[in-house]
Amino acid sequence: ENSTYPDGAAADRGNVTEYRIICVDENGQPVAGCTVQFCSDDTCLMGKTDENGIAAFQEPPGHYTVHLLKPPAGYAKDSTEYTAPEVYGDVIITLEAA
């Protein structure tokens, strides 16, 4: 699933205009099916990682925290609160085998 942006939307930054939560295993391989939560001070969005281990959120730049709500079968729970970069970027969650 590729995201498309209006022409010039990312031109001033020259890079991504979204936050990506990436789930990988201990070998760095992508993990699909991670249920993640992407929260601002007043709203939480939920997403699930795709076959590339990515859940993307197109939200304005700001302060966000990320939680792994539910790992896919075979992986351990992770209650860490991750902090997203202030202006777009990736949060990588490394899952341990259960």
Side-chain angles (χ1 to χ4, degrees):
E1 180 176 326
N2 290 330
S3 302
T4 56
Y5 302 107
D7 289 341
D12 60 330
R13 297 181 44 78
N15 60 8
V16 297
T17 56
E18 65 188 9
Y19 293 93
R20 296 190 313 167
I21 314 309
I22 305 172
C23 281
V24 296
D25 66 17
E26 293 167 294
N27 299 316
Q29 296 302 306
V31 177
C34 293
T35 303
V36 295
Q37 195 172 36
F38 183 82
C39 300
S40 67
D41 289 338
D42 54 7
T43 310
C44 283
L45 302 172
M46 285 197 352
K48 206 168 221 180
T49 57
D50 62 15
E51 68 276 2
N52 298 313
I54 298 170
F57 297 91
Q58 295 176 6
E59 293 297 308
H63 176 73
Y64 298 98
T65 56
V66 175
H67 303 88
L68 174 65
L69 279 186
K70 186 173 183 221
Y75 292 96
K77 287 186 184 294
D78 178 351
S79 56
T80 306
E81 179 175 282
Y82 298 88
T83 301
E86 286 293 319
V87 183
Y88 303 123
D90 299 345
V91 174
I92 298 174
I93 300 174
T94 302
L95 300 175
E96 294 180 11

Side chains of Thr17 and Gln58, heavy atoms from C-beta outward: is any pair under 4.5 Å?
no
Do you reckon Val24 sits in the same ILVMFWY cluster as Val91, going by side-chain contacts under 4.5 Å, direct or chained?
no
Can you get from Leu45 to Tyr88 by hopping between Ile, Leu, Val, Met, Phe, Trp and Tyr side chains that sit under 4.5 Å apart?
yes
Give a yes or no on whether Ile54 and Leu95 share a hydrophobic cluster (residues Ile, Leu, Val, Met, Phe, Trp, Tyr; joining criterion: side-chain heavy atoms under 4.5 Å apart).
no
Kindly state each residue pair satisfying disulfide bond (SG atoms under 2.5 Å apart) with at least one member in residues 38-98, sequence neighbours excluded.
Cys39-Cys44
Report yes or no: do Tyr64 and Val87 belong to one cluster of Ile/Leu/Val/Met/Phe/Trp/Tyr joined by side chain heavy-atom distances under 4.5 Å?
yes
Can you name the nearest heavy-atom pair linking Ala32 to Glu51, along with the distance?
CB-CA, 3.9 Å
Pairs touching residues 21-38 that satisfy side chain to side chain donor-acceptor pair (under 3.5 Å), sequence neighbours left out:
none
Could you pull out all donor-acceptor pairs under 3.5 Å where a side-chain atom in residues 69-78 meets a protein atom, sequence neighbours excluded?
unit_1: Asp78; atom_1: OD1; unit_2: Thr80; atom_2: N; d: 2.8
unit_1: Asp78; atom_1: OD1; unit_2: Thr80; atom_2: OG1; d: 2.6
unit_1: Asp78; atom_1: OD2; unit_2: Tyr82; atom_2: OH; d: 2.6

If two hydrophobic side chains count as joined below 4.5 Å and joins carry through other members, does Val66 share a cluster with Ile22?
no
What do the steps show when you test Thr49 against Val31 for side chain to side chain contact (heavy atoms under 4.5 Å, CB included), and what is the final call?
CA-CA 7 Å; Thr49 57; Val31 177; 5.5 Å; no
For a 4.5 angstrom cut-off between non-hydrogen side-chain atoms, does Cys34 reach Leu68?
yes
Whether Phe38 and Tyr19 hold their rings parallel, tilted or perpendicular, with breakpoints at 30° and 60°
tilted
